[in-house]
*Asks:* 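Let me give you the structure first, and then I'll get to my questions.
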Amino acid sequence: MIQIAPSFLSANFAHLEREIQMLNDSEADLLHFDVMDGSFVPNISFGFPVMASLQNVVRKPMDVHMMVVQPERWIERVASYGARIMTVHQEACHNLHRTVQQIHEAGMQAGVAINPGTPVMMLEEVICDIDMVLIMTVNPGFGGQTFIPSMLDKVRRLKSMISQTGSKALIECDGGVNLETGAQLKEAGADILVAGHTIFRSDDPIETIHALKAL
């Protein structure tokens, strides 16, 4: 069954307690945190104080997506908040293999994200060392963007690479995910769907999560 990771970036920050309780009561598998630094991407999101305040309240595993330059600087900090997965961008790492090793040494699963313009072949040398690949299905930095259809073939190519190499990496997709694109991504080989606006802007977020799980 597909896993669902609601993107906390789209939550209503004026009603955090209500949003967190909703997620705790839902069928969501992970809680996706987008950390942006205004340098790697043209936006700034919440930072570590928010994660620290939530770590003992949220009952879903934390899936932390670091859209920052030099993400290796923050590995121990992210681990200290109890994150299950830390995902770094291939485009942001000078020594990706070393960063993956450091994430594992800190006790977390290691994910690597690639932007729409980055080919999957850039992951060939680390695909058997990582736990997850995050395919950005929009350009990173802002929520509510339109899904890029050509990313479906990219997911298929990644799925083929994983199968051919014997990698155990899961495929996560983030950007423009709704019931229609989510079904297409699942068919292409996605294992985890990150959804923000589709969940938090719906009339019934819990039912929307259920519908995504049922794809």
Side-chain angles (χ1 to χ4, degrees), residues 1-13 15-35 45-46 50-51 54-55 57-67 78 81-87 108-114 130-138 140 142-149 151-152 154-156 158-159 162 168-215:
M1 181 178 288
I2 198 86
Q3 295 186 54
I4 305 302
S7 175
F8 200 65
L9 186 65
S10 296
N12 186 338
F13 280 67
H15 301 284
L16 280 184
E17 184 176 358
R18 183 185 68 192
E19 300 280 54
I20 292 167
Q21 188 57 51
M22 179 273 292
L23 292 171
N24 285 341
D25 293 339
S26 77
E27 296 175 70
D29 300 279
L30 304 163
L31 180 55
H32 190 84
F33 284 89
D34 288 306
V35 180
S45 66
F46 50 81
V50 173
M51 292 173 59
L54 296 179
Q55 65 175 323
V57 180
V58 175
R59 298 201 301 269
K60 304 294 181 178
M62 295 169 65
D63 169 22
V64 181
H65 177 193
M66 300 295 288
M67 287 181 268
V78 172
Y81 300 137
R84 173 181 290 182
I85 307 167
M86 179 174 171
T87 297
M108 297 179 289
Q109 295 178 20
V112 176
I114 53 175
I130 58 181
D131 304 288
M132 185 179 75
V133 178
L134 170 54
I135 297 287
M136 292 302 302
T137 47
V138 300
F142 298 92
Q145 297 185 65
T146 301
F147 178 80
I148 301 173
M151 295 301 101
L152 290 169
K154 189 172 187 175
V155 172
R156 295 186 187 101
L158 175 60
K159 191 73 172 181
I162 289 172
K168 303 299 183 183
L170 299 179
I171 300 175
E172 182 175 63
C173 296
D174 182 4
V177 173
N178 53 38
L179 291 174
E180 179 182 1
T181 59
Q184 294 171 340
L185 286 165
K186 181 182 179 181
E187 185 277 332
D191 301 293
I192 306 170
L193 300 177
V194 177
H197 278 54
T198 294
I199 291 173
F200 289 100
R201 300 296 185 268
S202 69
D203 293 331
D204 189 341
I206 288 181
E207 177 55 34
T208 299
I209 292 171
H210 174 75
L212 287 165
K213 284 284 291 182
L215 289 175

*Asks:* Would a 4.5 Å heavy-atom cut-off, applied to side chains only, mark M136 and H65 as touching?
*Replies:* yes
*Asks:* Side chain to side chain contact (heavy atoms under 4.5 Å, CB included), that's the test. Do V155 and I171 meet it? Break it down for me.
*Replies:* CA-CA 8 Å; V155 172; I171 300 175; 4.2 Å; yes
*Asks:* If you round to the nearest 0.5 Å, how far is CD1 of I130 from CG of L170?
*Replies:* 10.5 Å
*Asks:* Do L54 and F8 come close enough that some side-chain heavy atom pair is under 4.5 Å?
*Replies:* yes
*Asks:* For the residue pair G176 and T181, what are the closest heavy atoms and their distance?
*Replies:*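 Looking at all heavy atoms of both residues, the closest pair is O-OG1, 2.9 Å.
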*Asks:* Applying side chain to side chain contact (heavy atoms under 4.5 Å, CB included), can you list everything that pairs with L179, at least two apart in sequence or on another chain?
*Replies:*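 L179 satisfies side chain to side chain contact (heavy atoms under 4.5 Å, CB included) with A211, L212, L215 only.
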*Asks:* Is any side-chain heavy atom of D174 less than 4.5 Å from a side-chain heavy atom of I135?
*Replies:* no
*Asks:* Only counting residues at least two apart or in another chain, list the ones meeting side-chain hydrogen bond (donor to acceptor under 3.5 Å, both in side chains) with T137.
*Replies:* none
*Asks:* How close do T208 and T198 get, heavy atom to heavy atom, and via which atoms?
*Replies:* CG2-O, 3.5 Å
*Asks:* Side-chain contact, heavy-atom cut-off 4.5 Å: H32 with E172?
*Replies:* yes
*Asks:* Rounded to the nearest 0.5 Å, what separates atom CZ in F147 from atom CD in E180?
*Replies:* 9.5 Å
*Asks:* Locate the shortest heavy-atom distance separating V177 from A195; write the atom from each residue and the value.
*Replies:* O-CB, 4.1 Å
*Asks:* If you compare all heavy atoms of M62 against all heavy atoms of Y81, which two are closest, and at what distance to 0.1 Å?
*Replies:*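 Of all heavy-atom pairs spanning M62 and Y81, the closest is SD-O, 3.6 Å.
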*Asks:* Sequence neighbours left out, what pairs pass salt bridge (charged side-chain N to carboxylate O under 4.0 Å, His left out) with at least one residue falling in residues 181-191?
*Replies:* R156-E187, K159-D191
*Asks:* Please check: side-chain N/O of T87 versus main-chain N/O of L134, any donor-acceptor pairing under 3.5 Å?
*Replies:* no
*Asks:* To the nearest 0.5 Å, tell me how far S7 OG sits from H197 NE2.
*Replies:* 9.5 Å
*Asks:* At their closest point, which heavy atom of P6 faces which heavy atom of I209, and how far apart are they?
*Replies:*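 Here P6 and I209 meet closest at CG-CD1, 4.1 Å.
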*Asks:* Among residues at least two apart in sequence or on other chains, which ones pass side chain to side chain contact (heavy atoms under 4.5 Å, CB included) with Q109?
*Replies:* R84, I85, D131
*Asks:* Is a side-chain N or O of K60 found less than 3.5 angstrom from the main chain of A28, in a donor-acceptor match?
*Replies:* yes
*Asks:* Of the options L23, V64, D63, V194, which is the one that meets L30 in a side chain to side chain contact (heavy atoms under 4.5 Å, CB included)?
*Replies:* D63
*Asks:* From N178 CG over to S202 OG, what is the distance, rounded to the nearest 0.5 angstrom?
*Replies:*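 N178 CG to S202 OG: 12.0 Å, rounded to 0.5 Å.
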*Asks:* Could you tell me if the side chain of I4 sits less than 4.5 Å from the side chain of I199, heavy atoms only?
*Replies:* yes
*Asks:* Look up atom CD1 in I20 and atom CG in L31, then write down how far apart they are to the nearest 0.5 Å.
*Replies:*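 Output value for this atom pair is 8.0 Å.
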*Asks:* Do the non-hydrogen side-chain atoms of T146 and V138 ever get within less than 4.5 Å of each other?
*Replies:* no
*Asks:* What's the separation between atom CG in L152 and atom CG in L185, rounded to the nearest 0.5 Å?
*Replies:*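 Between atom CG of L152 and atom CG of L185 there are 5.5 Å.
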*Asks:* Of all the heavy-atom pairs spanning I162 and A169, show the shortest one and how long it is.
*Replies:*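 That closest heavy-atom pairing would be CD1-O, 3.5 Å.
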*Asks:* Counting only heavy atoms from other residues, nucleotides and ligands, does the tally under 6.0 Å from CD of Q55 exceed 12?
*Replies:*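 Enclosed.
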*Asks:* Return the set of residues passing side-chain hydrogen bond (donor to acceptor under 3.5 Å, both in side chains) with Q21 (not counting sequence neighbours), or none when no residue passes.
*Replies:*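 Here the qualifying residues are D25.
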*Asks:* Could I get the full list of side chain to side chain contact (heavy atoms under 4.5 Å, CB included) partners for D203, not counting sequence neighbours?
*Replies:*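 Side chain to side chain contact (heavy atoms under 4.5 Å, CB included) check on D203 returns nothing, list empty.
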*Asks:* Please confirm whether the backbone N or O of Q3 pairs with a side-chain atom of K213, one donor and one acceptor, at under 3.5 Å?
*Replies:*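 No, because the side chain of K213 does not come within donor-acceptor range (under 3.5 Å) of the backbone of Q3.
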*Asks:* R18 vs N12, test: side chain to side chain contact (heavy atoms under 4.5 Å, CB included). Steps then yes/no.
*Replies:* CA-CA 9 Å; R18 183 185 68 192; N12 186 338; 3.8 Å; yes
*Asks:* Does the D34 side chain pair with the main chain of S10, one donor and one acceptor, at a distance under 3.5 Å?
*Replies:*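 No; judged by distance alone, with no hydrogens or angles, the pair does not exist.
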